[in-house]
Amino acid sequence: MANNTYDAIVIGSGISGGWAAKELCEGGLKTLMLERGRDIVHIKDYVNATKAPWEYPHRGGRTQQMNKDYPVLGRNYFLNETNLDYWANDKDSPYVEVKRFDWYRGYHVGGRSLMWGRQSYRWSDIDFEANAKEGIGVDWPIRYKDIAPWYSHVEKHAGISGARNGLPQLPDGEFLPPMDMNCAEHHIADGINGHYKGKRNMIIGRTANLTKALPGRNHCQYRNQCALGCPFGGYFSTQSSTLPAAVATGNLTLRPWSIVTRILYDKDKKKANGVEVLDAQTNLTYQYFAKVVFLNASTLNSAWVLMNSATDVWPDGLGSSSGELGHNLMDHHYNAGAWGTVEGFDDRYYFGRRPNGVYVPRFRNLNGEKRDYVRGFGYQGLASREGWSRDIAEMNIGGDYKDALSEPGKWVFGMAAFGETLPYHENKVTLDKNKKDKWGLPILAIDAEIKDNEKKMRVDMVNDAMEMLVAAGIKDPAKFDSGYNMGSAIHEMGTARMGLDPKTSVLNKWNQVWDAQNVFVTDGAAMASAACQNPSLTYMALTARAANYAVEELKRGNI
């Protein structure tokens with residue numbers, strides 16, 4: 001085997017793992033990035049990115065065999081033949097659902113950075129202070145001022161387009177020019193913003209899609225095919241952004257097909273000294289050594305690695321001394337809102353297929369208002385015209401029917417809320433050592449659900465959407481609550497939370513494991529609360545902050 005000793009090891013290559021590798025490499029550290037799945041090479045391996053629907057054997061649909069092989073993924077529209085290889089196989093990598101939990105994973109270089117929704121929002125002190133003010137969970141060990149410079153740092157490199165709206169609950173950032181709303185959305189925004197006089201605001205989404213080219217990346221082409229990989233580099237992914245930056249330093253070694261089974265801990269030095277890896281193709285075991293380890297395997301897999309790194313010092317896993325490892329699992333609950341028809345714009349259309357929508361930032365439980373629940377929610381939505389697949393009851397056969405379908409249909413607008421889930425200790429993951437995956441490794445058992453606070457919030461999520469659509473003049477508005485299962489928003493957070501006290505948290509304010517301070521966890525596992533904004537931008541900022549701290553501490557000889 002070639003070199004097995006490095007300055008730093010990064011476990012995982014998704015959104016946060018890519019950022020860890022970039023920052024550590026640019027800090028001068030020889031870095032090994034380990035990915036449990038296959039390599040996907042930018043542009044070359046986006047094999048379906050430019051295909052038309054008729055070029056797929058099933059026009060982009062799914063088969064019965066897919067349903068058998070991907071029973072969990074089949075619960076969602078994600079299961080189809082356009083990017084099937086981007087999703088983990090449920091049969092190879094099973095898990096136990098003590099309560100239903102929809103776990104959608106990507107095991108390959110880039111992880112879910114290739115398939116994510118790209119909505120990118122900062123948190124504010126309203127979010128970072130909420131736990132302390134309400135006596136829920138543990139206080140965040142940081143505030144907005146601690147992370148704000150790092151939000152700016154990652155926004156400039158990733159390329160976030162958006163408008164500066166001056167809202168205290170949604171801080172402005174370092175934005176590329178915003179995408180534009182279409183005519184119907186402008187009309188609806190004027191209605192909502194005017195009616196509520198600034199207490200509720202509909203804005204264009206802030207998205208990691210380029211509206212101006214960055215070095216090595218072209219601007220978004222408005223194809224809305226992002227989940228297939230973008231050959232233009234038009235959206236942020238590990239492949240388009242952080243990986244090239246890390247490679248350019250000459251300090252990165254990337255090893256795919258490498259399942260990290262445990263972090264190696266030296267109890268005499270009270271530090272980790274490396275990791276153990278199972279080669280996913282050969283089933284051979286290797287060890288790699290480093291001065292610092294960044295764990296970025298995604299929330300649930302990072303918890304798995306820590307729990308599977310049990311020693312005689314901590315039989316429940318590395319980082320388990322507080323009793324909080326694996327606990328406080330969160331997600332955003334959604335699938336509730338309203339929709340309706342927009343009249344008056346039948347002679348208008350829009351440019352391309354904008355890969356972005358509109359956003360209504362949180363407005364509940366702010367400025368002294370008190371509901372029968374705590375925290376809040378934000379809405380995502382869009383207006384569009386119906387396409388050829390719509391049903392026209394009055395014409396269902398013949399030439400007139402074909403002619404009608406050659407024209408765009410009516411304008412419709414919908415908005416769905418994403419609500420905050422509280423960090424309940426009893427929402428947890430554990431290791432089930434009696435059941436194994438394809439590689440003979442123990443699997444996770446997931447036991448989590450939303451509770452009364454979230455269920456009360458969902459009433460407002462529906463009613464407030466309906467109220468706003470009425471205020472905006474939408475025709476025939478209708479409520480919906482399609483139900484929600486934990487995990488389905490793909491915003492899993494918690495299980496190794498940050499905190500101020502090693503007795504009640506897994507990580508300190510720099511994302512270091514209290515029990516082994518040369519191990520950093522900077523993905524969703526670190527979150528002490530969930531807010532209601534999409535979380536990925538916060539993962540990026542936390543990772544860049546922690547990586548730069550690690551580099552400085554290594555130089556000082558402190559870790």
Side-chain angles (χ1 to χ4, degrees), residues 15-16 18-19 22-23 113 116-130 140 142-181 189 193 198 201-215 217 219-220 226 233-238 240-242 245 332 354-363 366 376 378-380 418 420 491 493 522-524 526-527 529-548:
I15 284 177
S16 64
W19 267 103
K22 171 188 176 295
E23 299 297 310
S113 79
W116 69 307
R118 305 168 308 285
Q119 293 292 288
S120 302
Y121 302 102
R122 294 189 180 199
W123 286 25
S124 74
D125 273 333
I126 292 169
D127 306 302
F128 288 112
E129 294 174 354
W140 275 89
I142 61 172
R143 293 294 185 260
Y144 180 69
K145 64 181 175 59
D146 299 308
I147 196 172
W150 298 102
Y151 276 134
S152 295
H153 178 72
V154 300
E155 285 165 344
K156 290 174 184 176
H157 183 83
I160 309 299
S161 65
R164 300 178 69 85
N165 305 107
L167 303 174
Q169 74 272 40
L170 197 74
D172 293 327
E174 307 289 339
F175 297 141
L176 298 174
M179 293 182 171
D180 194 16
M181 295 184 192
N193 299 347
N201 299 272
M202 187 171 122
I203 64 176
I204 190 65
R206 298 172 180 176
T207 181
N209 290 81
L210 302 186
T211 52
K212 282 187 176 180
L214 291 178
R217 299 170 58 195
H219 59 79
C220 176
C226 308
Y235 72 89
F236 170 85
S237 67
T238 296
S240 71
S241 183
T242 48
H332 287 139
R354 187 191 67 202
N356 186 21
V358 296
Y359 189 60
V360 177
R362 175 184 165 185
F363 52 84
L366 299 178
Y379 290 96
Q380 297 180 31
F418 283 74
E420 179 166 357
H491 293 171
M493 291 169 269
T522 64
D523 58 16
M527 306 296 271
S529 64
C532 65
Q533 302 93 309
N534 299 58
S536 294
L537 186 70
T538 300
Y539 304 165
M540 296 187 211
L542 287 174
T543 302
R545 177 177 179 266
N548 281 268

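Taking 4.5 Å as the limit, some side-chain heavy atom of M202 sits within range of a side-chain heavy atom of N193. At a threshold of 4.5 Å between non-hydrogen side-chain atoms, the residues T522 and R545 do not count as touching. Within the 4.5 Å cutoff, the side chain of N356 has no heavy atoms near those of the N209 side chain. Between W140 and M527, some side-chain heavy-atom pair lies under the 4.5 Å cut-off. Between M540 and I160 there is no side-chain heavy-atom pair separated by less than 4.5 Å. The closest side-chain heavy-atom distance from R206 to L537 is not below 4.5 Å.
With values rounded to the nearest 0.5 angstrom, K212 atom NZ is found 12.0 Å from S161 atom OG. Between the CD atom of E174 and the NE2 atom of H153 there is a distance of 12.0 Å, given to the nearest 0.5 Å. The OG atom of S124 lies 12.0 Å from the CD1 atom of I147; values are rounded to the nearest 0.5 Å. Expressed to the nearest 0.5 Å, how far NE2 of H491 lies from CG of N534 amounts to 4.5 Å.
Of all heavy-atom pairs spanning I15 and S536, the tightest one is CD1-OG, 3.7 Å. Taking each heavy atom of F128 and Y144 in turn, the nearest pair found is CD1-N, 3.8 Å. Residue R164 comes nearest to G173 through the heavy atom pair NH1-O, 2.6 Å, listed as atom of the first residue, atom of the second, then distance. Across every non-hydrogen atom of R217 and G233, the tightest pair is NE-O, 2.8 Å. The shortest heavy-atom contact between L214 and K156 is CD1-O, 4.1 Å. F175 approaches E155 most closely through the heavy-atom pair CE2-OE2, 4.4 Å.
A parallel orientation is assigned to the rings of Y359 and Y121, their planes being inclined by less than 30° (bins at 30° and 60°). Aromatic ring pairs are classed by plane angle as parallel below 30°, tilted from 30° to 60° and perpendicular above 60°; the pair Y379 and F363 is parallel.
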* To do: Carefully, step by step, assess H332 and M493 under the rule side-chain contact (heavy atoms from CB on, under 4.5 Å).
  => CA-CA 9 Å; H332 287 139; M493 291 169 269; 3.7 Å; yes
* To do: Step by step, work out the side-chain contact (heavy atoms from CB on, under 4.5 Å) result for T543 and E23.
  => CA-CA 9 Å; T543 302; E23 299 297 310; 6.0 Å; no
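Centroid-to-centroid, the aromatic rings of W19 and W150 stay 6.0 Å apart or farther.
Residues T538 and Y151 have side chains that bring a donor and an acceptor to within less than 3.5 angstrom of each other. Looking at S237 and R118, their side chains never bring a donor and an acceptor atom within 3.5 Å of each other.
Not counting sequence neighbours, the partners of L167 by the side chain to side chain contact (heavy atoms under 4.5 Å, CB included) test are N165, Q169, L170, N201, P361.
Judged purely by atom type and a 3.5 angstrom limit, S241 has no side-chain atom pairing as donor or acceptor with the backbone of F236. Checking side-chain atoms of S240 against main-chain N and O of Y235 turns up a donor-acceptor pair under 3.5 Å.
A salt bridge does not link R122 with D127: none of the charged nitrogens is closer than 4.0 Å to a carboxylate oxygen.
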